[in-house]
Amino acid sequence: MKYFVCSDIHGSASRCEKVLELFQSTGGDMLVLLGDILYHGPRNDLPEQYAPKTVIKLLNPFAGRIIACRGNCDSEVDQMVLDFPMMSDYSLIVDTGVKIFCTHGHIYAPIRADTSPAVSGSRKIPLAAGSCCVEFYGHTHVQVLEKNPDGVLVCNPGSVSIPKAASAAGFALYENRTVTLYDLNADRIMTMAV
């Protein structure tokens, strides 16, 4: 299976269209959304072409191919208009024996290479040591791809709509025990194997 992983659409119709175009052109089997799908949040400026109702119409036809988790800007009202579940704080995927933990990052966040939590104030991912091979998170809007001290591959695909800290707007692909980080021009930034 090929998993197309992205985060933080924040209601941007143009960036959602780009995500779906890339999802299809890369041959993605499943679209993994790491939260903050419809609302921009009070700390962010309005993203380009802010149109949450359009994002709903774009995503719902793909409902059977979406795995999603809740971000800090997502609410029960959002779930009422989306045809796929997105209220869980995390999703766990098992692909050919590899456990893939997906979360937004505001509640649970991976330990980074410098041994600090990826997001201040978040809790450690709730899995036994050595039981997870890949951890995807969003929330910070900054791309990351590295192995932590436990050998776990940690990836933040960044925000597709509101990148921060000079990070590219981008996404990640997971396939065959490998994660590749891209920008929204589909230019490869980095690849790491589990």
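Residue numbers run from 1 in the order of the sequence given.
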Item to complete: Under the side-chain contact (heavy atoms from CB on, under 4.5 Å) rule, what do Met190 and Thr180 come out as? Steps first, then yes or no, please.
Response: CA-CA 6 Å; Met190 181 189 300; Thr180 303; over 6 Å; no
Decide yes or no for [X] and [Y]: does some side-chain heavy atom of the first lie under 4.5 Å from some side-chain heavy atom of the second?
X	Y	value
Val134	Val152	no
Met30	Ile93	no
His106	Arg70	yes
Leu22	Leu184	yes
Leu31	Ile67	no

Within this structure, what is the [atom1]-[atom2] distance for the pair [X] and [Y], rounded to the nearest 0.5 Å?
X	Y	atom1	atom2	value
Met80	Ser75	CE	OG	9.5 Å
Leu33	Leu59	CG	CG	6.0 Å
Cys16	Glu21	SG	CD	11.5 Å
Thr96	Asn176	OG1	CG	7.0 Å
Leu181	Ile189	CG	CD1	5.0 Å

[X], [Y]: one ILVMFWY side-chain cluster at the under-4.5 Å cut-off?
X	Y	result
Leu92	Ile107	yes
Ile37	Val32	no
Phe136	Met192	yes
Tyr50	Val55	no
Leu20	Val81	yes

Considering all heavy atoms, the nearest [X]-[Y] contact:
X	Y	value
Thr103	Asp89	OG1-O, 2.7 Å
Pro47	Ser12	CB-CB, 3.9 Å
Ala51	Ala13	CB-CB, 4.0 Å
Cys133	Val194	CB-CG1, 3.6 Å
Pro110	Glu135	CB-OE1, 2.6 Å
His139	His141	O-CD2, 3.1 Å

Discussion item. Between the side chains of Asp29 and Arg65, is the shortest nitrogen-to-carboxylate-oxygen separation below 4.0 Å, so that they form an ion pair?
Written reply: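 No salt bridge links Arg65 with Asp29.
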Worksheet item: Would Leu34 and Cys102 satisfy side-chain contact (heavy atoms from CB on, under 4.5 Å), going step by step from the backbone distance to the final call?
Response: CA-CA 7 Å; Leu34 301 175; Cys102 304; 3.7 Å; yes
Worksheet item: So with a 6.0 Å cut-off around NZ of Lys53, is the heavy-atom count from everything else above 12?
Response: no
Item to complete: Look at atom CG of Asp45 and say whether more than 12 heavy atoms of other residues, nucleotides or ligands are closer to it than 6.0 Å.
Response: no
Item to complete: Show your working on side-chain contact (heavy atoms from CB on, under 4.5 Å) between Leu38 and Leu82 and close with a plain yes or no.
Response: CA-CA 10 Å; Leu38 299 177; Leu82 294 170; 4.2 Å; yes
Tell me whether [X] contacts the main-chain N or O of [Y] through its side chain, where contact means a donor paired with an acceptor under 3.5 Å.
X	Y	result
Ser167	Pro163	no
Asn60	Lys57	no
Ser88	Ser91	no
Lys2	Thr26	yes
Asn185	Asp187	no
Gln79	Met86	yes
His40	His10	no
Asp74	Asp36	yes

Fill in: Any residue meeting side chain to side chain donor-acceptor pair (under 3.5 Å) with Glu48, in chain and number order, not counting sequence neighbours
Ser14
Which pairs of donor and acceptor atoms, one on a side chain in residues 153-162, lie under 3.5 Å apart (sequence neighbours left out)?
from, atom 1, to, atom 2, distance (Å)
Asn156, OD1, Gly158, N, 2.7
Asn156, ND2, Gly138, O, 3.1
Asn156, ND2, Thr140, OG1, 2.9
Asn156, ND2, Val142, O, 3.4
Ser159, OG, Asp8, O, 3.0
Ser159, OG, Ser161, N, 3.1
Ser159, OG, Ile162, N, 2.8
Ser161, OG, Asp8, O, 2.9
Ser161, OG, Ile9, O, 2.9

Discussion item. Would you say the rings of His104 and Tyr137 are close, in the sense that their centroids are separated by under 6.0 Å?
Written reply: no
Practice prompt. Tell me whether the centres of the aromatic rings in Phe101 and Tyr90 are closer together than 6.0 Å.
Written response: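 That pair passes the under 6.0 Å test.
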Practice prompt. From the options Tyr182, Phe171, Tyr174, Phe62, select the one residue that forms a ring pair (Phe, Tyr, Trp, His ring centres under 6.0 Å) with Phe4.
Written response: Phe171
Practice prompt. Could you go through the side-chain contact (heavy atoms from CB on, under 4.5 Å) check for Tyr3 and Asp95 one step at a time?
Written response: CA-CA 10 Å; Tyr3 297 90; Asp95 185 79; 3.4 Å; yes
